[in-house]
Every structure is written in structure tokens, then in C-alpha cells.
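Worksheet for the structure shown next.
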Amino acid sequence: MEVIRSTKALKQKVAEAKANNKTVGLVPTMGALHQGHISLVERARKENDVVVVSVFVNPTQFNNPEDLKTYPRTEDADCVLLEKAGVDYAFIPSVEEVYPEPDTRQFNLGAVAEVMEGAMRPGHFNGVAQIVSKLFEMVNPDRAYFGEKDFQQIAVIRKMVELCGFNINIIDCPIKREDDGLAMSSRNVRLTPHQRSVAPAIHKTLKESVSMKDNQTVGEVKKFVIDAINAVDEMEVEYYEIVDPLTMQPIENWSDSVNGNPVGCVTVYCGNVRLIDNIKYQNNDNRSA
Ligand code: PAF
């Protein structure tokens with residue numbers, strides 16, 4: 001594996017690969033890698049000749065300076081994992097390399113970016129669109145891989161791809177969980193032992209709520225999830241929405257999810273660590289509430 005820090009060198013390597021008719025897969029990350037990331041890398045490894053992983057804590061997507069400051073940075077350990085996973089190029093640039101000038105682009109991401117994370121973290125998705133579009137311009141991969149834990153982010157990235165006209169296949173990959181059900185996240189390392197012991201309640205509650213769908217309304221299921229998680233020590237739900245899987249718009253009736261199974265998306269503060277997770281509700285009945 002080669003570690004690349006300059007955009008110019010990265011473009012050169014990708015150009016060489018493409019000149020040899022090789023397919024290129026990109027896995028964008030912010031480092032502090034765990035098995036969730038590695039599952040994306042493994043999929044990229046299977047489906048492409050050349051795999052590029054970017055490791056870059058993108059300042060423009062943090063609306064909270066404290067979160068940016070405390071975001072875990074573990075470059076050496078990340079490189080060990082990436083090397084083991086068979087990555088060809090780890091792109092690890094500085095902030096100055098990626099943003100020699102401030103990025104002032106405003107993406108018209110529309111309704112998918114206005115709810116949930118978009119409402120709670122103003123500017124966050126615009127920052128994601130800025131960095132991912134820059135990476136796409138640099139690498140122009142055939143495929144790019146994203147984890148479904150950030151379910152809304154994938155919808156936003158698809159919208160950005162449409163706006164920018166990129167011809168890149170966006171591949172969404174399932175959430176990886178710890179044995180006790182907690183969704184893998186770089187932020188999990190910031191949980192205290194007690195917070196870590198209670199955090200699996202998020203997935204457990206979401207799973208329980210799926211079986212309620214057949215005889216409870218959307219409103220009742222939402223209330224169950226919020227109340228059950230809030231009842232756990234140190235946990236506070238920021239939002240819980242059940243949304244259409246394409247438009248990301250919250251539904252009021254199960255049958256409002258016209259593009260497939262509704263998805264429940266939750267954000268929970270566990271102490272001061274912000275965790276997100278989601279679950280699919282099988283849409284096998286069309287009753288209106
Ligand atoms: O999901 C992430 O880790 C980040 O939002 C991404 C896609 C790497 C952009 O910085």
C-alpha cells in the first residue's frame with residue numbers, strides 16, 4: 001500500500017490505472033477506522049482492480065468546533081488496517097492540500113438534506129457534498145462505497161452526484177454491528193465504560209419496534225422508541241423519524257413510504273457522544289395508520 005498526501009500524486013496514480021483499463025473503487029473515510037469501514041474496503045477490493053481509501057477529517061462538515069477538535073485521529077493504526085485489507089492507495093492529505101482556498105460552493109441539495117441531520121447540523125451536508133465532490137473530481141472512481149449507518153448521507157451524496165453529473169456508481173453497504181448490537185462508529189471510543197454498556201439499547205429498541213409495525217401507528221411506534229431510549233441512563237434522543245427511504249421525508253402513515261420500506265432514523269446523545277443508527281420497517285401492509 002502506498003500512502004499519498006498530495007492531490008497531484010493521487011491523480012497521477014489514478015490516471016496510470018485508468019490508462020491500463022483498470023477499474024477504481026473509492027472508500028471515503030474520516031479515519032479512526034473500524035470493522036465497519038473495513039467491510040466497505042473489502043467490498044471495494046472484490047469489485048475493483050484498484051482501491052483508494054481517503055482518510056481525511058473534513059472540517060467543513062463539522063458544525064460544532066468541539067466535535068471537530070475531539071474527533072478521533074488514529075493514522076498509524078488506520079494504515080495498518082488498510083494495508084491488511086489490501087488497499088492500493090491510502091490518500092491522507094492535509095487540510096491545506098484539500099482546501100488551498102476556502103470552499104465557498106453551496107450545493108442545492110433540496111429536501112433530502114433539510115430534515116433530520118440537515119435540520120440538526122446546519123451546513124453539515126453542504127460540507128459533505130464539498131469534500132465528496134472534491135474526492136470524486138480527484139479520483140473519478142467507477143464506484144464509491146458508503147455505509148448505511150449514515151443513511152441520509154447516502155441520499156445526499158446521490159443528490160450531489162446528480163447535481164454535478166458524476167458518472168459514479170454509489171454503493172451502499174449494510175451497517176456493521178458489535179456483538180451486542182451497537183452500530184460500529186468511530187465515536188464509540190469516546191463512550192465511558194458505563195455509556196458503552198448502555199448504548200446497545202439503541203439497536204435493541206429499534207429492533208423491538210419493528211414488530212410493532214403491524215398493529216401500531218407510525219406515531220405510536222415513534223413514541224415507543226423515544227420513550228424507551230430516553231428511559232435509559234445517560235441517553236437522550238435528539239430525533240427519531242420514520243422516513244421514506246428515497247426522499248428522506250418523515251411519514252405519518254406506513255403507506256406514505258412510497259419508495260420502499262420505511263426507515264427509522266435515530267440520533268441519540270449518550271452523555272455527550274452523538275450516536276446515530278437506523279432500521280428498516282418491512283412495508284408489507286398498506287393500512288393507512
Ligand atoms: O461518512 C463519513 O465518514 C464522512 O461524512 C465522509 C463521507 C467520509 C465525508 O467526509
Side-chain angles (χ1 to χ4, degrees), residues 4 7 10 25-41 43-44 51-65 67-75 77-78 81-82 85 87 89-95 97-99 103 105 107 109 112-113 116-118 120-139 141 143-161 163-164 166 168-176 183-190 248 265 267 273-278:
I4 297 182
T7 310
L10 177 69
L26 171 68
V27 184
T29 81
M30 296 206 298
L33 302 179
H34 49 68
Q35 261 326 107
H37 296 109
I38 298 306
S39 70
L40 308 184
V41 173
R43 173 114 185 241
V51 175
V52 180
V53 177
S54 60
V55 175
F56 179 64
V57 181
N58 172 39
T60 73
Q61 72 187 75
F62 284 80
N63 58 319
N64 174 348
D67 194 19
L68 174 61
K69 214 169 91 191
T70 58
Y71 199 85
R73 288 159 169 90
T74 58
E75 185 183 311
D78 291 347
L81 287 177
L82 294 177
V87 167
Y89 302 115
F91 178 52
I92 313 183
S94 65
V95 173
E97 181 68 21
V98 175
Y99 296 112
D103 191 339
R105 290 174 299 160
F107 290 79
L109 299 165
V112 284
M116 301 192 289
E117 293 299 281
M120 293 299 161
R121 304 180 67 187
H124 166 65
F125 281 135
N126 197 62
V128 170
Q130 286 175 339
I131 184 61
V132 176
S133 63
K134 270 182 181 273
L135 291 168
F136 282 4
E137 274 159 22
M138 290 172 202
V139 179
R143 301 178 190 84
Y145 296 80
F146 297 91
E148 278 186 346
K149 184 170 74 65
D150 297 295
F151 191 73
Q152 187 180 10
Q153 173 172 275
I154 298 179
V156 168
I157 288 168
R158 288 190 199 283
K159 179 72 191 175
M160 177 280 288
V161 164
L163 290 173
C164 299
F166 288 116
I168 295 169
N169 207 343
I170 303 299
I171 316 269
D172 41 337
C173 303
I175 300 176
K176 276 278 174 190
M184 289 184 182
S185 164
S186 304
R187 290 191 162 91
N188 292 352
V189 295
R190 290 175 45 209
M248 298 295 124
C265 299
T267 294
V273 183
R274 193 171 183 272
L275 300 176
I276 70 174
D277 204 343
N278 61 74

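Counting starts at 1 for both ligands and their atoms, following the listed order. Sequence positions, counted from 1, serve as the residue numbers for this chain.
In this structure, R105 and S133 have side chains that are in contact, with non-hydrogen atoms separated by less than 4.5 Å. Side-chain contact between F136 and V161 is present, with heavy atoms from C-beta onward closer than 4.5 Å. Q152 places none of its side-chain heavy atoms less than 4.5 Å from the side chain of C265.
Contact annotation: for I157 versus ligand 1, there are no heavy atoms closer than 4.0 Å.
Here the CZ atom belonging to R121 is positioned 8.5 Å from the OG1 atom belonging to T267, to the nearest 0.5 angstrom.
With respect to atom 3 (O) of ligand 1, the closest heavy atom belonging to the protein is M30 CG, 3.7 Å. Counting only heavy atoms of the protein, atom 7 (C) of ligand 1 lies nearest to Q153 NE2, 3.4 Å.
The shortest N or O to N or O distance between Q61 and ligand 1 is under 3.5 Å.
Close contacts between ligand 1 and I131 involve ligand atoms 9 (C), 10 (O) [criterion: under 4.0 Å to a heavy atom]. Close approach of ligand 1 to P28 (heavy-atom distance below 4.0 Å) involves ligand atoms 8 (C).
Checking Y99 against N58 by side-chain atom types alone, a donor-acceptor pair falls below 3.5 Å.
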